[in-house]
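Heads up, the thing below is written out as structure tokens.
To find a chain, count down the sequence lines: A is the first, B the second, and so on, and within it residues start at 1. Only a predicted model underlies this, so the values are computations on that prediction, with no experimental measurement involved.
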Protein chains: 2
Amino acid sequence: MVQYPTTRLDASFAALADGTRRGVLERLGRTESSITDLAETFGMTLTGMRKHVGVLEEAGLVTTEKVGRVRYCRIGARRLDEVAAWIDTYHQLWNERFDELDKVIEELQQKEQLDGCTNEQ
Amino acid sequence: MVQYPTTRLDASFAALADGTRRGVLERLGRTESSITDLAETFGMTLTGMRKHVGVLEEAGLVTTEKVGRVRYCRIGARRLDEVAAWIDTYHQLWNERFDELDKVIEELQQKEQLDGCTNEQ
DNA sequence: TAAATACTGAACCATATGGTTCAGTATCCC
DNA sequence: GGGATACTGAACCATATGGTTCAGTATTTA
């Protein structure tokens with residue numbers, strides 16, 4: 001299911017793999033901000049922040065609009081849906097496998113208790 | 001909420017930002033595999049695949065065990081929970097904002113229709 | 001119109017990533 | 001024991017990433 005590549009997912013995950021960028025997303029979730037706002041908040045040069053915003057834009061997680069000399073950044077589109085969908089699918093699938101494993105382990109532990117408790121901890 | 005860095009999240013997202021690695025996770029979700037298995041499946045050298053598995057291991061998404069000369073790889077721990085949790089939180093938060101936006105847009109469109117339909121498409 | 005503000009682009013830097021090859025080492029099996 | 005198998009480690013390579021500085025350009029504003 002789902003052929004591997006899908007470069008959009010790549011871009012989304014890569015964009016999320018940076019603390020500063022996740023911070024920017026959190027902030028934009030609360031309030032629209034300019035590049036200057038963000039750069040100040042995260043203690044970084046304008047140029048540096050512009051790059052981060054660029055990465056988020058490319059991933060479709062943020063949209064920006066330039067009004068006069070100010071570029072306003074907002075949480076963008078629903079690209080996060082794709083990411084969430086991927087995670088959810090495998091998360092659920094794997095949890096089923098984990099549940100099975102849990103049962104096996106539980107049984108083993110119960111057997112151990114019955115057998116006598118020489119090797120605890 | 002949630003201070004930005006959290007390098008474990010960084011590692012998890014970074015690990016997921018690669019199609020091959022997501023492919024490996026999918027496969028391991030179905031069946032335990034050796035490095036050789038994985039390398040063949042994804043058309044890559046052993047060394048190359050070992051690196052990918054290493055990245056997934058570091059992120060806690062995969063665990064491995066060496067038995068004799070074979071290293072077996074399995075879906076590891078529930079680190080994906082952390083990722084899913086992060087996504088879910090913001091996903092939900094943002095969707096609320098999107099819903100508001102949707103209403104505004106809808107109202108605008110209805111007004112447009114009332115005003116006369118010069119600019120359809 | 002001049003100064004301040006907000007951004008952009010090019011160039012640079014150190015380090016990380018995704019891959020390879022090649023030369024081991026360890027294990028299994030005849 | 002000797003060959004095949006399965007991996008490991010070091011070295012290398014090209015490109016990407018996360019940042020910087022510095023020199024613009026465009027837009028406000030006094």
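- At a threshold of 4.5 Å between non-hydrogen side-chain atoms, the residues A/Met49 and A/Val24 count as touching.
- Of all heavy-atom pairs spanning B/Leu16 and B/Arg22, the tightest one is O-NH1, 2.7 Å.
- In this structure, the CZ atom of A/Phe42 is 15 Å from the P atom of D/dG18, given to the nearest Å.
- Heavy-atom minimum distance, B/Ala15 versus B/Leu56: CB-CD2, 4.1 Å.
- For the pair A/Leu56 CG and D/dG18 P, the interatomic distance rounds to 10 Å; values are reported in whole Å.
- In this structure, B/His52 places its NE2 atom 14 Å from C1' of C/dA16, rounding to the nearest Å.
- Taking the side chain as every heavy atom from C-beta outward, A/Asp37 and A/Arg27 approach each other to under 4.5 Å.
- Protein atom CZ of A/Arg50 is 19 Å distant from nucleotide atom P of D/dT25, rounded to whole Å.
- Between A/Trp86 and A/Phe13, the ring planes are perpendicular. Angles over 60° get that label, and only those under 30° would be called parallel.
- One atom, CG of A/Asp37, and another, P of C/dA6, lie 9 Å apart when rounded to the nearest Å.
- Here the P atom of nucleotide D/dT5 and the CD atom of B/Glu40 are 11 Å apart, to the nearest Å.
- Shown for residues 64-72 of chain B: residues whose heavy atoms fall under 4.0 angstrom of DNA chain C, namely B/Gly68, B/Arg69.
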Just the atom pairs and distances: protein N or O near nucleotides 20-23 of chain C's N or O, under 3.5 Å.
residue: C/dT20; atom: OP2; partner: B/Thr45; partner atom: N; Å: 3.4
residue: C/dT20; atom: OP2; partner: B/Thr45; partner atom: OG1; Å: 2.6
residue: C/dT21; atom: O4; partner: B/Thr47; partner atom: OG1; Å: 3.4

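- For A/Thr63 against A/Glu57, the heavy-atom pair with the smallest separation is CA-CG, 4.5 Å.
- What you find for B/Arg71 and B/Thr64 is that their closest heavy atoms are NH1-OG1, 2.9 Å.
- Between A/Phe13 atom CZ and D/dT17 atom P there is a gap of 16 Å when expressed in whole angstrom units.
- Of all heavy-atom pairs spanning B/Leu25 and B/Ile75, the tightest one is O-CD1, 3.5 Å.
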